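First the structure, in the form of structure tokens, and then the observations on it.
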Amino acid sequence: MLYLFTVTGQFRAKESGPVMVRGASVCPGSPVLSPGTKIRLQPPTGGVIDTFIQRFRTPRARRAPREVQPEVWLPKKIAPEQVPVGTQVYLLDASYRLIPPPAA
């Protein structure tokens, strides 16, 4: 399992389950994630939830593109209470590609 990020905030969207904020890294050397990628959630309260990424949304931030981290949307069957701040997110897929460095 590869550590991805720790949730720093979340909210619920009408058309989805919880949306995890802090989001996926888009830095070179980070794993390429896509809808359907299998992940493991480990809340600070204990327990483990194996699920998948439903979709992403890139916030409209006024930061450099490399600093923007897409929000990770989860399936409706996951309740927001199951993904509190401090939840650690891990990649479950055994094989994955890495984001390449920018072209020179």
Side-chain angles (χ1 to χ4, degrees):
M1 266 189 323
L2 179 68
Y3 170 79
L4 296 174
F5 62 92
T6 299
V7 175
T8 59
Q10 55 96 336
F11 60 93
R12 184 166 192 111
K14 281 195 285 187
E15 64 275 9
S16 140
V19 178
M20 298 184 296
V21 179
R22 160 60 175 73
S25 175
V26 293
C27 297
S30 298
V32 174
L33 303 175
S34 59
T37 298
K38 295 175 185 166
I39 56 173
R40 173 167 287 169
L41 308 174
Q42 290 187 328
T45 55
V48 170
I49 301 167
D50 289 346
T51 188
F52 63 93
I53 295 171
Q54 180 181 10
R55 70 181 199 150
F56 295 97
R57 185 180 79 171
T58 302
R60 293 182 190 165
R62 299 189 189 275
R63 295 183 282 175
R66 67 182 172 281
E67 296 175 5
V68 173
Q69 294 172 308
E71 298 163 346
V72 177
W73 293 47
L74 298 175
K76 285 184 178 183
K77 69 178 184 173
I78 306 287
E81 300 78 34
Q82 293 178 280
V83 190
V85 169
T87 297
Q88 294 182 336
V89 182
Y90 295 89
L91 178 65
L92 279 180
D93 290 341
S95 62
Y96 52 88
R97 294 179 301 121
L98 297 178
I99 297 172

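Note that this is a predicted model, so its numbers are computed, not measured. Side chains are part of it too, since the values below use all heavy atoms of this structure and drop only hydrogens, waters and symmetry mates. Quick note: residue numbers are just sequence positions, from 1.
- One hydrophobic cluster holds both Phe56 and Leu2 under the rule that ILVMFWY side chains link at heavy-atom gaps under 4.5 Å.
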For this session: List the steps and the verdict of side-chain contact (heavy atoms from CB on, under 4.5 Å) for Gln82 and Ile49.
Result: CA-CA 8 Å; Gln82 293 178 280; Ile49 301 167; 3.7 Å; yes
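- Connection of Tyr3 to Tyr96 is not established within any shared hydrophobic cluster, with ILVMFWY side chains joined at heavy-atom distances below 4.5 Å, either directly or through further cluster members.
- Pairs engaging residues 86-99 under the salt bridge (Lys or Arg N to Asp or Glu O under 4.0 Å) rule: none recorded [sequence neighbours left out].
- In the hydrophobic clustering, Val48 connects to no other residue, as no ILVMFWY side-chain heavy atoms lie under 4.5 Å from its own.
- Each ring-ring contact (aromatic ring centres under 6.0 Å, His included) pair with one or both residues in residues 29-49, not counting sequence neighbours, would appear here, but there are none.
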Contacts table for residues 32-39: side-chain donor-acceptor under 3.5 angstrom, sequence neighbours left out:
{"residue": "Thr37", "atom": "OG1", "partner": "Ser34", "partner atom": "N", "Å": "3.0"}
{"residue": "Thr37", "atom": "OG1", "partner": "Ser34", "partner atom": "O", "Å": "2.7"}

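- Closest approach of Glu81 to Gln10, counting heavy atoms only: N-NE2, 4.4 Å.
- Residue pairs that meet the salt bridge (Lys or Arg N to Asp or Glu O under 4.0 Å) test with at least one member in residues 1-10, sequence neighbours left out, do not exist here.
- Here the closest heavy-atom approach between residue Leu74 and residue Phe52 is recorded as CD2-O, 3.8 Å.
- Note that CH2 of Trp73 and CD of Gln54 are 8.0 Å apart. Values are rounded to the nearest 0.5 Å.
- Atom CG of Leu92 is separated from atom OG1 of Thr51 by 9.5 Å, given to the nearest 0.5 angstrom.
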Using residues 83-90 as the side-chain source, report each donor-acceptor pair under 3.5 Å to any protein atom, sequence neighbours left out, with the distance given to one decimal.
{"residue": "Thr87", "atom": "OG1", "partner": "Pro84", "partner atom": "O", "Å": "2.7"}
{"residue": "Gln88", "atom": "OE1", "partner": "Tyr90", "partner atom": "OH", "Å": "2.7"}

